[in-house]
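Notes follow the structure.
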Amino acid sequence: MGLDLGQAAAKHLAWTRVTVRRRLSDTEITRVERTFGFEFADDHRAFLATVLPVGDSWPDWPDGDPAALRESLDWPVSGVRFDVEHNGYWHESWGERPESRRTAVAVAAPYLRAVPQMVPVFGHRYLPAGRGTYGHPVLSMYQTDIIHYGHDLAEYIHREFGGPAVKRTGDPQADVPFWRDFV
């Protein structure tokens, strides 16, 4: 099923004006995963194994600046950390919020290190990492302002870039621990 969703997303991209270079080989995908310490979800992996979109907001997994890719991978957690420090955000599972902003950031840090990894699809649109998983909604993530931006990868491609409509029923359901609490 993850393969089907990834290939469907790639087919939808063909109807858009997005520039594509080539696909990533299994070896290249594995190298990215080892370099950055995560595994793509099955649909995200199948998408990249079918087509590699390029441009300013697409992650350049094979040739991009490793520091920029790391920053993009860290973006969701960095955004939550920013809101803890500057906007009073506090997750209920962390206990009582300390009064000091500095202490709050320090207390939140180990919790934030343990949250599931999110992987950039395009700009600040993300899918969760996780081999053996697929069909997650694409989330638009900006600090703790996190919304569904597509029922799944194929519907997201249609919504963001056009092409043939993808019909999905019901509301998307984020099911990744911690991140699902925001949507």
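Between Asp145 and Phe182 the shortest side-chain heavy-atom distance does not fall below 4.5 Å. When side chains are defined from C-beta on, Arg23 does not count as touching Thr50, because their heavy atoms never get closer than 4.5 Å. Side-chain contact between Leu48 and Trp61: present, with at least one pair of heavy atoms (C-beta onward) separated by less than 4.5 Å. Side-chain atoms of Pro53 and Phe122, non-hydrogen and from C-beta on, never get closer than 4.5 Å to each other. Between Val80 and Leu112, some side-chain heavy-atom pair lies under the 4.5 Å cut-off. No side-chain heavy atom of Asp42 sits less than 4.5 Å from a side-chain heavy atom of Phe47. With a 4.5 Å cut-off on side-chain heavy atoms, Ile147 and Leu139 do not count as touching. Residues Pro137 and His151 fail the side-chain proximity criterion, which asks for heavy atoms closer than 4.5 Å.
Considering all non-hydrogen atoms of both residues, Arg45 and Glu33 come closest at NH2-OE1, 2.5 Å. The minimum heavy-atom distance linking Ala41 with Pro128 is given by the pair CB-O, 3.5 Å. Taking every heavy atom of both residues into account, Asp43 and Tyr134 meet most closely at OD1-CA, 3.7 Å. Of all heavy-atom pairs between Arg159 and Gly150, the closest is NH1-N, 4.2 Å. Taking all atoms of both residues into account, the shortest heavy-atom contact from Phe178 to Pro116 is CB-CD, 4.5 Å. Residue Glu28 comes nearest to Pro62 through the heavy atom pair OE2-CB, 4.1 Å, listed as atom of the first residue, atom of the second, then distance.
Taking the six-membered ring for Trp and thresholds of 30 and 60 degrees, Tyr142 and His124 have ring planes more than 60 degrees apart, a perpendicular arrangement. Taking the six-membered ring for Trp and thresholds of 30 and 60 degrees, Phe40 and His44 have ring planes more than 60 degrees apart, a perpendicular arrangement.
Between the CZ atom in Arg70 and the OG1 atom in Thr35 there is a gap of 9.5 Å [rounded to 0.5 Å]. Within the model, atoms CZ of Arg31 and CG of Leu24 stand 8.5 Å from one another, a figure rounded to the nearest 0.5 Å. Between the CH2 atom of Trp179 and the CD1 atom of Ile146 there is a distance of 5.0 Å, given to the nearest 0.5 Å. The CG atom of Asp65 sits 10.0 Å away from the CG atom of Asp60 when rounded to the nearest 0.5 Å.
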How far apart are the C-alpha atoms of Val32 and Phe38, what are their side-chain angles, what is the distance that settles it, and do they pass the side chain to side chain contact (heavy atoms under 4.5 Å, CB included) test? CA-CA 8 Å; Val32 168; Phe38 73 90; 4.2 Å; yes
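The stretch residues 103-115 participates, sequence neighbours left out, in these side chain to side chain donor-acceptor pair (under 3.5 Å) pairs: Ser100-Thr103.
Legend: residues meeting side-chain contact (heavy atoms from CB on, under 4.5 Å) with Asn87, ordered by chain and number and at least two apart, are Phe82, Asp83, Gln143.
Side chains of His136 and Asp175: a donor on one and an acceptor on the other come within 3.5 Å. For the residue pair Ser140 and Arg125, a side-chain donor N or O sits within less than 3.5 Å of a side-chain acceptor on the partner.
Aromatic ring centres of Trp58 and Phe161 lie closer together than 6.0 Å.
When the side chains of ILVMFWY residues are joined at heavy-atom separations under 4.5 Å, either directly or via intervening members, Trp75 and Val119 end up in two distinct hydrophobic clusters.
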